[in-house]
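All figures in this text were calculated on a predicted structure; none of them were measured in a lab. What you see below is based on every heavy atom in this structure, not just the backbone, and it leaves out hydrogens, waters and symmetry mates.
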Amino acid sequence: MSTGEPYEIPTDGEPIRWEHNAFQVPDHPIIPFIEGDGTGPDIWRATVRAVDAAVAHAYSGRRGIAWMEVLAGEKAYKRTGQWLPEATLEAARRYRISIKGPLTTPVGGGIRSLNVTLRQELDLYACVRPIRYIAGVPSPMREAEKVDMVVFRENTEDVYTGIEWQAGSEDARRLAAFITEELKKPVSPDAGIGVKPMTRRGSQRLVRAAIEYALHNRRRSVTLMHKGNIMKFTEGAFREWGYELAREEYADRVVTEDELWERYDGKMPAGRLLLKDRIADIMFQQVLLRPTEYDVIATPNLNGDYISDGLAAQVGGVGMAPGANMSDGIAMFEATHGTAPKYADLDKVNPSSLMLSAVMMLQHMGWNEAADALYAAMAAAIQQKTVTYDLARLMTDATEVKTSEFADAVIRQLG
């Protein structure tokens, strides 16, 4: 362990730098990892083997990742007495790109949610969830292959800020009285009360990230998903701020849906990105019935939580859904499911969510050859019906394998 450092720094790696608004990735970057709680250690062990094999396959030893464990969750609490040590936050800031398994949320007082705390402390304002179907995965949808969307969920505002007061508490009664008497909006004195803060800055940087992603990856459209017909000054403002940003910063590259019909007779001009918006409730129906109409989705926090899991259900569940939390200069990739403690240490659960998150991480690093190789190997293993129990029970003639054996199958496909 290096002098003065709470974690062991690999001697064969270098930090990733953030320069000129881009990650500068050395050939042997230091990547912090949190293995996670519950099933986290099982899926991490499988994932790291597959990632290392994909990198070796793609670059023949010229590149490699120097992994560095940092602590959060139950393991951190047992060793340090803290659920989220400051050293872990500092490592995420210093080394820029990291990856984590699922974390337990402590019961009772203290941290409301470790995941939410990580996002807020590191200002990881964009939760990015690509939802894409892999052929062969059981799905309740008849045409699941049409689902190919990327959700950009605002991470730091909305109701997830946790600004709320318990029903019957003195603070809740005082606030209810103030709102009723001073603001002339009647609130029951017995109500629990929550606050939903949303800002122009927070909304626009999320929409900017979604537009930049769509332009860089040559996607077709960005949809602002909101409930602005009812919550006019929060989610309605999110919509207006999104369009305002597009007009001010992307006028030569983005066409709004209104402009499409007013100026272009409904025919999309070449090289442009379509920006539109939809009310949240109808959006849930349309991604089921007309998934090809949606591509990149930008939305406030709570909507994003719902829509990303709803879309994941169409492509095999959250066990098949990757995710990342990002800001300008820091990115943390993660499994999107929970800890499933009853399966802990059984070598049983599906590691695909974390593996696909590692695919995202490799893409973010610019290591696209390794990312493509890992994704293709996973898809090939699944198409051959070599899968963990969650998928095997929904398939006919599947070979059910352990977590570690699925990693073996992926690595064989790389060969």
Ignoring hydrogens and angles, tell me if any N or O in the side chain of [X] forms a donor-acceptor pair with the backbone of [Y] under 3.5 Å.
X      : Y      : result
Lys385 : Thr396 : yes
Tyr243 : Asp277 : yes
Thr223 : Met225 : no

Side chains of [X] and [Y]: do they bring a donor and an acceptor to under 3.5 Å?
X      : Y      : answer
Tyr160 : Asn155 : no
Tyr250 : Glu212 : yes
Ser352 : Asn350 : yes
Asn303 : Glu235 : yes

Any ring pair (Phe, Tyr, Trp, His ring centres under 6.0 Å) involving residues 126-155? Give me the pairs, sequence neighbours left out, ordered by first then second residue.
-> Phe152-Tyr213
Before accepting this row, confirm whether a basic side-chain N of the pair [X]/[Y] lies closer than 4.0 Å to the acidic partner's carboxylate O.
X      : Y      : result
Arg45  : Asp42  : yes
Glu244 : Arg247 : no
Asp158 : Arg153 : no
Glu69  : Lys75  : yes
Arg173 : Glu170 : no
Asp408 : Arg49  : yes

Does the ring centre of Tyr389 sit less than 6.0 Å away from the ring centre of Tyr343?
-> yes
Taking atom [atom1] of [X] and atom [atom2] of [Y], what is their separation to the nearest 0.5 Å?
X      : Y      : atom1 : atom2 : result
Ile65  : Trp367 : CD1   : CH2   : 5.0 Å
Glu293 : Leu274 : CD    : CG    : 10.5 Å
Thr339 : Glu74  : OG1   : CD    : 7.0 Å

Pick from Leu354, Ile34, Thr39: which one makes a side chain to side chain contact (heavy atoms under 4.5 Å, CB included) with Trp44?
-> Leu354
Which pairs count as salt bridge (charged side-chain N to carboxylate O under 4.0 Å, His left out) when at least one residue sits in residues 336-355, sequence neighbours excluded?
-> none
Report the C-alpha separation of Thr156 and Arg205 in whole Å, then their side-chain angles, then the decisive distance to 0.1 Å, and conclude whether the side chain to side chain contact (heavy atoms under 4.5 Å, CB included) test is met.
-> CA-CA 11 Å; Thr156 63; Arg205 67 179 181 174; 3.6 Å; yes
Atom pairs and distances, side-chain donor-acceptor, residues 308-315, under 3.5 Å, sequence neighbours left out:
from, atom 1, to, atom 2, distance (Å)
Ser308, OG, Arg129, NH1, 3.3
Ser308, OG, Gly304, O, 2.7
Ser308, OG, Asp305, O, 3.3
Asp309, OD1, Arg129, NH2, 3.1

